[in-house]
Undergrad: 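Below are the C-alpha coordinates for one structure; questions will follow.
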Amino acid sequence: MSQATKELNGSQYQVVVKSGDKSETSSVVTLTVTDKAVTQFFADVPLNNQFFTEINWMGTSGYSTGWVQADGSRLYMPLDGIHRDAFAAFMYRISGDTGYQAPAVSPFRDITPSTMYYKEMCWLSSKGIATGWPDGTYRPLDNVNRDAMAAFMYRYNGSPAYQAPGSSPFSDVVTSQLFYKEMAWMQSQGLSTGWPDGTYRPVTAIARDAMAAFLYRMENPTK
(Lines give C-alpha, C1' and ligand atoms only; values in the text may rest on other atoms or scores of the structure.)
Protein backbone atom coordinates (compact mmCIF):
# COMPACT_ATOMS: atom_id res chain seq x y z
CA MET A 1 0.00 0.00 0.00
CA SER A 2 2.16 2.88 -1.30
CA GLN A 3 -0.33 5.69 -0.56
CA ALA A 4 -1.02 4.79 3.06
CA THR A 5 -1.69 7.77 5.35
CA LYS A 6 -1.18 8.11 9.09
CA GLU A 7 -4.94 7.76 9.56
CA LEU A 8 -4.65 4.17 8.33
CA ASN A 9 -2.10 3.23 10.99
CA GLY A 10 -3.34 0.21 12.92
CA SER A 11 -5.91 -0.79 10.30
CA GLN A 12 -6.33 -4.53 9.94
CA TYR A 13 -6.83 -6.47 6.71
CA GLN A 14 -7.60 -10.00 5.59
CA VAL A 15 -7.58 -11.59 2.16
CA VAL A 16 -10.54 -13.79 1.20
CA VAL A 17 -10.07 -16.15 -1.75
CA LYS A 18 -13.21 -17.73 -3.12
CA SER A 19 -13.60 -20.64 -5.51
CA GLY A 20 -17.12 -21.77 -6.19
CA ASP A 21 -18.89 -22.27 -2.86
CA LYS A 22 -15.63 -22.52 -0.92
CA SER A 23 -13.50 -19.73 0.53
CA GLU A 24 -10.25 -19.36 2.45
CA THR A 25 -9.47 -16.39 4.69
CA SER A 26 -5.94 -15.28 5.51
CA SER A 27 -4.63 -14.30 8.93
CA VAL A 28 -5.21 -10.72 10.03
CA VAL A 29 -2.42 -8.30 9.06
CA THR A 30 -2.03 -4.95 10.80
CA LEU A 31 -0.90 -1.98 8.73
CA THR A 32 1.80 0.17 10.32
CA VAL A 33 2.33 3.68 8.98
CA THR A 34 5.31 5.64 10.30
CA ASP A 35 6.67 9.11 9.70
CA LYS A 36 10.13 7.84 8.88
CA ALA A 37 11.67 5.07 6.85
CA VAL A 38 11.85 1.70 8.56
CA THR A 39 15.19 -0.07 8.59
CA GLN A 40 15.13 -3.81 8.05
CA PHE A 41 16.90 -5.35 11.07
CA PHE A 42 17.04 -8.98 9.95
CA ALA A 43 18.18 -9.89 6.44
CA ASP A 44 15.67 -12.73 6.14
CA VAL A 45 12.64 -10.66 7.24
CA PRO A 46 11.74 -8.20 4.45
CA LEU A 47 9.24 -5.38 4.85
CA ASN A 48 6.48 -7.43 3.21
CA ASN A 49 6.76 -10.24 5.77
CA GLN A 50 3.47 -10.83 7.58
CA PHE A 51 5.09 -10.16 10.94
CA PHE A 52 7.71 -7.64 9.85
CA THR A 53 6.72 -5.01 12.44
CA GLU A 54 6.75 -7.49 15.29
CA ILE A 55 10.03 -9.21 14.32
CA ASN A 56 11.78 -5.93 13.57
CA TRP A 57 10.66 -4.70 17.00
CA MET A 58 12.26 -7.76 18.56
CA GLY A 59 15.57 -6.81 16.93
CA THR A 60 15.57 -3.06 17.42
CA SER A 61 14.49 -3.45 21.06
CA GLY A 62 17.33 -5.86 21.78
CA TYR A 63 15.02 -8.76 22.63
CA SER A 64 16.37 -10.96 19.84
CA THR A 65 19.88 -10.81 18.45
CA GLY A 66 19.30 -13.44 15.80
CA TRP A 67 22.26 -15.11 14.11
CA VAL A 68 25.11 -12.88 12.96
CA GLN A 69 26.50 -13.80 9.54
CA ALA A 70 30.03 -13.40 8.17
CA ASP A 71 29.03 -10.23 6.31
CA GLY A 72 27.65 -8.67 9.50
CA SER A 73 24.00 -9.19 8.60
CA ARG A 74 21.61 -10.92 11.00
CA LEU A 75 19.12 -13.72 10.41
CA TYR A 76 15.99 -14.25 12.47
CA MET A 77 14.89 -17.55 10.89
CA PRO A 78 11.21 -16.74 11.31
CA LEU A 79 9.81 -20.17 10.46
CA ASP A 80 12.06 -22.10 12.84
CA GLY A 81 10.53 -23.35 16.07
CA ILE A 82 11.28 -21.42 19.24
CA HIS A 83 13.21 -23.50 21.76
CA ARG A 84 12.53 -23.31 25.47
CA ASP A 85 15.94 -21.81 26.19
CA ALA A 86 15.54 -19.02 23.62
CA PHE A 87 12.02 -18.34 24.87
CA ALA A 88 13.46 -17.83 28.36
CA ALA A 89 15.96 -15.35 26.91
CA PHE A 90 13.21 -13.39 25.15
CA MET A 91 11.10 -13.14 28.30
CA TYR A 92 14.05 -12.20 30.51
CA ARG A 93 15.14 -9.40 28.18
CA ILE A 94 11.62 -8.02 27.90
CA SER A 95 11.26 -8.02 31.70
CA GLY A 96 14.24 -5.69 32.12
CA ASP A 97 15.17 -7.51 35.34
CA THR A 98 18.88 -6.80 34.97
CA GLY A 99 19.64 -7.20 38.67
CA TYR A 100 18.85 -10.91 38.80
CA GLN A 101 21.66 -13.19 39.93
CA ALA A 102 21.46 -16.83 38.84
CA PRO A 103 22.05 -19.46 41.55
CA ALA A 104 25.24 -21.49 41.70
CA VAL A 105 23.15 -24.67 41.85
CA SER A 106 20.76 -25.23 38.96
CA PRO A 107 17.03 -25.60 39.67
CA PHE A 108 16.85 -28.09 36.79
CA ARG A 109 18.89 -31.27 36.54
CA ASP A 110 19.46 -31.02 32.77
CA ILE A 111 21.06 -27.55 32.74
CA THR A 112 24.20 -26.25 34.46
CA PRO A 113 25.71 -22.79 35.01
CA SER A 114 27.67 -23.29 31.78
CA THR A 115 24.54 -23.96 29.71
CA MET A 116 23.65 -21.22 27.24
CA TYR A 117 20.83 -19.06 28.65
CA TYR A 118 21.30 -20.62 32.10
CA LYS A 119 20.61 -17.30 33.84
CA GLU A 120 17.47 -16.69 31.81
CA MET A 121 16.05 -20.18 32.43
CA CYS A 122 16.77 -19.87 36.15
CA TRP A 123 15.00 -16.50 36.13
CA LEU A 124 11.88 -18.13 34.63
CA SER A 125 11.96 -20.66 37.44
CA SER A 126 12.51 -18.02 40.15
CA LYS A 127 9.43 -16.11 38.97
CA GLY A 128 7.26 -19.22 38.83
CA ILE A 129 6.82 -18.81 35.09
CA ALA A 130 8.36 -22.19 34.25
CA THR A 131 8.18 -25.12 36.64
CA GLY A 132 9.77 -27.68 34.35
CA TRP A 133 8.74 -31.34 34.23
CA PRO A 134 8.04 -33.63 37.20
CA ASP A 135 11.39 -35.37 36.60
CA GLY A 136 13.23 -32.13 37.39
CA THR A 137 14.21 -31.26 33.80
CA TYR A 138 13.70 -28.07 31.83
CA ARG A 139 14.41 -29.56 28.39
CA PRO A 140 15.95 -26.40 26.93
CA LEU A 141 16.12 -27.56 23.31
CA ASP A 142 12.49 -28.71 23.11
CA ASN A 143 10.17 -26.51 21.09
CA VAL A 144 7.59 -24.43 22.92
CA ASN A 145 4.05 -25.58 22.13
CA ARG A 146 1.20 -23.12 21.94
CA ASP A 147 -0.53 -24.37 25.10
CA ALA A 148 2.63 -24.07 27.21
CA MET A 149 3.34 -20.66 25.70
CA ALA A 150 -0.07 -19.46 26.90
CA ALA A 151 0.76 -20.67 30.41
CA PHE A 152 4.14 -18.93 30.37
CA MET A 153 2.67 -15.63 29.21
CA TYR A 154 -0.21 -15.80 31.71
CA ARG A 155 2.24 -16.34 34.57
CA TYR A 156 4.62 -13.69 33.25
CA ASN A 157 1.76 -11.22 33.52
CA GLY A 158 1.28 -12.09 37.17
CA SER A 159 -1.43 -14.77 36.76
CA PRO A 160 -4.15 -12.10 36.67
CA ALA A 161 -7.62 -12.76 38.05
CA TYR A 162 -9.55 -14.21 35.14
CA GLN A 163 -12.65 -16.35 34.89
CA ALA A 164 -12.40 -18.59 31.85
CA PRO A 165 -15.66 -18.88 29.87
CA GLY A 166 -17.85 -21.95 30.17
CA SER A 167 -17.66 -22.40 26.41
CA SER A 168 -14.26 -22.55 24.74
CA PRO A 169 -13.38 -19.74 22.30
CA PHE A 170 -11.53 -22.33 20.18
CA SER A 171 -13.07 -25.31 18.42
CA ASP A 172 -10.17 -27.66 19.26
CA VAL A 173 -9.79 -26.72 22.94
CA VAL A 174 -12.15 -28.05 25.62
CA THR A 175 -12.72 -26.52 29.03
CA SER A 176 -11.22 -29.54 30.85
CA GLN A 177 -7.98 -29.30 28.90
CA LEU A 178 -4.61 -28.54 30.49
CA PHE A 179 -3.95 -24.79 30.26
CA TYR A 180 -7.50 -24.08 29.05
CA LYS A 181 -7.75 -21.01 31.29
CA GLU A 182 -4.47 -19.64 30.01
CA MET A 183 -5.36 -20.19 26.35
CA ALA A 184 -8.76 -18.56 26.82
CA TRP A 185 -7.02 -15.65 28.57
CA MET A 186 -4.74 -15.21 25.55
CA GLN A 187 -7.80 -14.88 23.34
CA SER A 188 -9.56 -12.50 25.75
CA GLN A 189 -6.55 -10.16 25.75
CA GLY A 190 -6.19 -10.12 21.98
CA LEU A 191 -2.81 -11.84 22.22
CA SER A 192 -3.89 -14.79 20.12
CA THR A 193 -6.73 -14.87 17.64
CA GLY A 194 -6.15 -18.48 16.62
CA TRP A 195 -6.63 -19.61 13.03
CA PRO A 196 -9.42 -18.57 10.66
CA ASP A 197 -10.98 -22.03 11.08
CA GLY A 198 -11.57 -21.34 14.78
CA THR A 199 -8.79 -23.58 16.10
CA TYR A 200 -5.96 -22.78 18.51
CA ARG A 201 -3.84 -25.88 17.81
CA PRO A 202 -2.50 -26.18 21.36
CA VAL A 203 0.15 -28.84 20.81
CA THR A 204 1.60 -27.21 17.71
CA ALA A 205 5.11 -25.85 18.11
CA ILE A 206 5.34 -22.08 17.80
CA ALA A 207 7.41 -20.63 15.00
CA ARG A 208 9.70 -17.70 15.80
CA ASP A 209 7.63 -15.27 13.72
CA ALA A 210 4.42 -16.03 15.61
CA MET A 211 6.26 -15.80 18.93
CA ALA A 212 7.37 -12.29 18.01
CA ALA A 213 3.75 -11.40 17.30
CA PHE A 214 2.57 -12.72 20.69
CA LEU A 215 5.27 -10.81 22.57
CA TYR A 216 4.69 -7.62 20.57
CA ARG A 217 0.98 -7.68 21.34
CA MET A 218 1.71 -8.30 25.02
CA GLU A 219 4.01 -5.28 25.21
CA ASN A 220 1.89 -3.10 22.91
CA PRO A 221 -1.67 -3.89 24.00
CA THR A 222 -4.65 -2.62 22.04
CA LYS A 223 -7.19 -3.68 24.70
Side-chain angles (χ1 to χ4, degrees), residues 24-29 42 44-45 49-59 63-67 74-95 108 110-111 115-118 120-121 123-125 127 129-157 168-174 176-219:
E24 291 288 337
T25 304
S26 72
S27 300
V28 175
V29 176
F42 296 107
D44 58 345
V45 184
N49 183 285
Q50 179 183 357
F51 296 120
F52 171 79
T53 296
E54 295 88 339
I55 297 172
N56 222 52
W57 168 82
M58 290 285 290
Y63 302 144
S64 176
T65 57
W67 286 267
R74 295 176 182 270
L75 300 181
Y76 185 77
M77 302 185 185
L79 299 183
D80 280 7
I82 179 77
H83 290 171
R84 288 169 56 86
D85 57 354
F87 178 82
F90 288 166
M91 299 298 279
Y92 175 75
R93 293 167 190 162
I94 288 174
S95 77
F108 303 107
D110 59 342
I111 65 172
T115 303
M116 187 175 185
Y117 302 135
Y118 172 74
E120 292 85 344
M121 290 183 281
W123 176 83
L124 274 189
S125 173
K127 297 298 182 181
I129 297 170
T131 57
W133 270 263
D135 63 1
T137 60
Y138 181 81
R139 307 181 191 179
L141 299 183
D142 281 6
N143 285 332
V144 179
N145 286 349
R146 288 170 56 86
D147 55 356
M149 178 273 302
F152 289 152
M153 293 185 69
Y154 177 76
R155 295 168 191 161
Y156 175 86
N157 283 274
S168 175
F170 301 110
S171 62
D172 60 343
V173 177
V174 298
S176 60
Q177 195 161 330
L178 182 65
F179 303 138
Y180 167 69
K181 178 179 181 178
E182 292 86 344
M183 290 183 280
W185 174 82
M186 289 281 290
Q187 191 273 342
S188 74
Q189 299 300 303
L191 301 178
S192 177
T193 57
W195 269 265
D197 63 3
T199 61
Y200 182 80
R201 306 179 191 180
V203 295
T204 299
I206 305 167
R208 288 170 55 86
D209 57 355
M211 190 71 253
F214 292 140
L215 295 175
Y216 179 85
R217 293 167 193 161
M218 181 181 73
E219 292 298 292

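Computed over heavy atoms, backbone and side chain alike; hydrogens, waters and symmetry mates excluded.
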Undergrad: Measuring only between side-chain heavy atoms, which start at C-beta, is Asn143 closer than 4.5 Å to Ile206?
TA: no
Undergrad: Work out which heavy atom in Met186 is nearest to a heavy atom in Ala150; give both atom names and the distance.
TA: CG-CB, 3.6 Å
Undergrad: Working to the nearest 0.5 Å, report the span between CG of Asp80 and CG of Leu75.
TA: 10.0 Å
Undergrad: Which heavy atom of Met121 sits nearest a heavy atom of Pro140, and at what distance?
TA: SD-CB, 3.7 Å
Undergrad: So do Leu124 and Met91 actually touch side chain to side chain, heavy atoms under 4.5 Å?
TA: yes
Undergrad: About how many Å separate CZ of Phe179 and CG of Asn145, when rounded to the nearest 0.5 Å?
TA: 10.0 Å
Undergrad: With the side chain counted from C-beta on, respond yes when Val174 and Tyr180 share a heavy-atom pair under 4.5 Å apart, and no when they do not.
TA: no
Undergrad: Once the angle between the rings of Phe170 and Tyr200 is folded into 0 to 90°, is it parallel (under 30°), tilted (30 to 60°) or perpendicular (over 60°)?
TA: tilted
Undergrad: Of all the heavy-atom pairs spanning Phe214 and Met153, show the shortest one and how long it is.
TA: O-CE, 3.6 Å
Undergrad: Yes or no on side chain to side chain contact (heavy atoms under 4.5 Å, CB included) for Arg146 and Ser192, after CA distance, side-chain angles and deciding distance?
TA: CA-CA 10 Å; Arg146 288 170 56 86; Ser192 177; 3.5 Å; yes
Undergrad: Check the angle between the aromatic planes of Phe108 and Tyr138 and answer parallel, tilted or perpendicular using the 30° and 60° thresholds.
TA: tilted
Undergrad: Contact between Tyr63 and Leu215 at the side-chain level, heavy atoms closer than 4.5 Å - yes or no?
TA: no
Undergrad: Any idea which heavy atoms bring Pro202 and Met183 closest together, and the distance?
TA: CB-SD, 3.7 Å
Undergrad: Using a 3.5 Å distance criterion without hydrogens, assess whether the side chain of Thr199 forms a donor-acceptor pair with backbone atoms of Asp172.
TA: no
Undergrad: Decide yes or no on side chain to side chain contact (heavy atoms under 4.5 Å, CB included) for Met58 and Met211, but give the supporting numbers first.
TA: CA-CA 10 Å; Met58 290 285 290; Met211 190 71 253; over 6 Å; no
Undergrad: Nearest 0.5 angstrom please: Asn49 CG to Leu79 CG, how far?
TA: 8.0 Å
Undergrad: Is the shortest heavy-atom distance from the side chain of Glu219 to the side chain of Ile94 under 4.5 Å?
TA: yes
Undergrad: Once rounded to the nearest 0.5 Å, what's the spacing between atom CZ of Arg208 and atom OG of Ser64?
TA: 5.0 Å
Undergrad: Would a 4.5 Å heavy-atom cut-off, applied to side chains only, mark Trp185 and Asn157 as touching?
TA: yes
Undergrad: Can a donor-acceptor pair be found, under 3.5 Å and without considering hydrogens, that links the side chain of Arg74 to the backbone of Thr65?
TA: yes
Undergrad: What closest approach, in Å, do Ala207 and Pro78 show between heavy atoms, and which atom pair accounts for it?
TA: CB-O, 3.7 Å
Undergrad: Classify the angle between the aromatic ring planes of Tyr76 and Phe42 as parallel (below 30°), tilted (30 to 60°) or perpendicular (above 60°).
TA: tilted
Undergrad: Rounded to the nearest 0.5 Å, how far apart are CE of Met116 and NE2 of His83?
TA: 11.5 Å
Undergrad: Run through Ile111, Leu141, Thr115 and flag the one making a side chain to side chain contact (heavy atoms under 4.5 Å, CB included) with Asp85.
TA: Leu141
Undergrad: Do Phe152 and Arg84 touch side chain to side chain, with heavy atoms closer than 4.5 Å?
TA: yes
Undergrad: For residues Val45 and Phe51, determine if any side-chain heavy atom of one lies less than 4.5 Å from a side-chain heavy atom of the other.
TA: no
